[in-house]
Amino acid sequence: MALNARLDHRNPLVFDTHELGRRPGALQRLTRTVDAPKDLGLKGVIGVPEGAPVELELRLESVMEGVLVTGTARAAAEGECVRCLEPLEQELEADFQEMFSYPDADDRGRVIAEPGDDAEDDEDRLFLEDGLFDLEPVLRDAVVLALPMQPVCREDCPGLCAECGARLADDPDHHHDAVDIRWAALQGLAGTMKDGEKDEMSGGAPQSARADEKQEK
């Protein structure tokens with residue numbers, strides 16, 4: 001990734017490393033609860049609702065190349081069971097680690113990372129901007145990796161009835177009498193024959209026979 005756009009220190013996902021300093025080996029631990037940004041998760045499947053609390057535990061370590069950020073995010077994700085389509089809630093815990101590189105040089109004047117020297121490398125790197133870094137892209141990647149691609153309300157969820165859509169967990173004995181399609185035509189023929197038998201039993205003569213009787217008269 002190229003240099004970050006101008007960062008706003010008021011953004012709860014933007015962190016300041018000035019207190020940490022640039023001396024290699026310096027450590028700083030931070031905890032922060034932030035509101036979840038929009039579309040945090042797998043859109044249309046499962047994710048953390050916008051504005052829901054996300055608890056962050058961070059460890060910032062100053063190294064020669066920049067600041068190594070290691071952390072854990074915890075939140076409640078909401079989605080829909082892919083089997084029975086019922087809403088579900090799942091506790092999320094996502095671990096992450098990311099290097100935010102110095103854009104110019106360390107405190108001894110040695111160049112560490114000069115953006116633009118290698119375009120391909122820059123695309124994969126995150127940089128500090130005036131001592132600030134934006135955790136949002138790292139958080140998004142970590143949450144997506146931690147969430148299930150096919151969430152279920154429970155591991156043994158039986159899903160829905162393929163014929164009527166009933167939720168099978170509510171009625172474990174739910175079933176439909178299976179009809180062999182190979183006999184369907186014969187069943188229809190049998191029904192037709194039964195109707196003919198009813199006409200004969202009721203004493204009714206075929207219409208052609210009744211027409212002949214009228215002509216003779």
Side-chain angles (χ1 to χ4, degrees), residues 1-43 45-79 89-149 151:
M1 179 177 177
L3 279 173
N4 296 321
R6 190 69 181 175
L7 299 181
D8 184 354
H9 68 277
R10 295 170 297 182
N11 184 332
L13 286 172
V14 170
F15 291 81
D16 191 335
T17 66
H18 285 100
E19 186 177 338
L20 174 68
R22 296 179 67 164
R23 180 175 58 84
L27 294 174
Q28 184 180 12
R29 296 183 184 276
L30 300 172
T31 58
R32 183 181 294 183
T33 299
V34 302
D35 292 340
K38 185 178 180 181
D39 297 330
L40 182 60
L42 300 168
K43 191 172 183 179
V45 180
I46 187 172
V48 182
E50 183 178 3
V54 179
E55 297 178 3
L56 299 173
E57 292 183 4
L58 304 179
R59 178 179 183 270
L60 279 55
E61 181 181 0
S62 179
V63 296
M64 293 293 293
E65 297 84 358
V67 176
L68 180 65
V69 179
T70 305
T72 300
R74 297 182 179 88
E78 297 179 0
E89 184 171 311
Q90 176 178 318
E91 291 302 316
L92 166 72
E93 182 169 309
D95 297 323
F96 51 86
Q97 186 175 72
E98 187 65 51
M99 171 68 74
F100 289 87
S101 301
Y102 296 128
D104 44 22
D106 66 5
D107 55 0
R108 289 176 294 183
R110 184 171 58 187
V111 174
I112 299 299
E114 185 64 33
D117 286 349
D118 191 325
E120 293 184 1
D121 287 346
D122 287 350
E123 287 296 325
D124 298 328
R125 297 170 66 182
L126 296 173
F127 291 91
L128 292 166
E129 180 188 305
D130 297 330
L132 304 176
F133 68 85
D134 185 2
L135 191 66
E136 183 171 339
V138 178
L139 177 63
R140 287 187 179 280
D141 290 344
V143 167
V144 168
L145 291 175
L147 289 172
M149 297 294 292

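What you see is a predicted model, and the numbers here were worked out from it, not measured in a lab. For this chain, numbers begin at 1 and follow the sequence in order.
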| Only one of L126, L60, L13, V14 forms a side chain to side chain contact (heavy atoms under 4.5 Å, CB included) with F133, so which one is it? | L60
Measure the shortest side-chain to side-chain distance between [X] and [Y] over non-hydrogen atoms and say whether it is less than 4.5 angstrom.
X	Y	value
L135	L56	yes
R6	L132	no
P137	E98	no
L92	L147	yes
L58	F96	yes

Distance-minimising heavy-atom pair for [X] and [Y]:
X	Y	answer
V69	F100	CG2-CD1, 3.7 Å
L139	A73	CD1-CB, 3.6 Å
Y102	F127	O-CD2, 4.1 Å
A94	A142	CB-O, 3.7 Å
P49	A76	CD-O, 3.6 Å
V54	A75	CG2-CB, 4.1 Å

Write out all pairs satisfying salt bridge (charged side-chain N to carboxylate O under 4.0 Å, His left out) with one or both partners inside [range], taking only residues at least two apart or from two chains.
range	answer
residues 135-149	E136-R140
residues 66-79	E57-R74, R74-E93
residues 25-40	none

| request: Can you sort out the partners of H18 under side-chain hydrogen bond (donor to acceptor under 3.5 Å, both in side chains), two or more places apart, ordered by chain and number? | output: D16
| query | Residues in side-chain hydrogen bond (donor to acceptor under 3.5 Å, both in side chains) with Q97, at least two apart? | reply |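 So Q97 forms a side-chain hydrogen bond (donor to acceptor under 3.5 Å, both in side chains) with T70.
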Does [X] reach the main-chain N or O of [Y] with its side chain, forming a donor-acceptor pair under 3.5 Å?
X	Y	result
Q28	E19	no
T33	E55	no
S101	G66	no

| query | Rounded to the nearest 0.5 Å, what separation is found between the CG atom of L145 and the CG atom of D95? | reply |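 It comes to 11.0 Å.
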| message | How long is the straight-line distance from CG of D134 back to CG of L128, given to the nearest 0.5 Å? | response |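 These two atoms lie 11.5 Å from each other.
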| said: Can you list everything that forms a salt bridge (Lys or Arg N to Asp or Glu O under 4.0 Å) with E61? Sequence neighbours excluded, please. | reply: R59
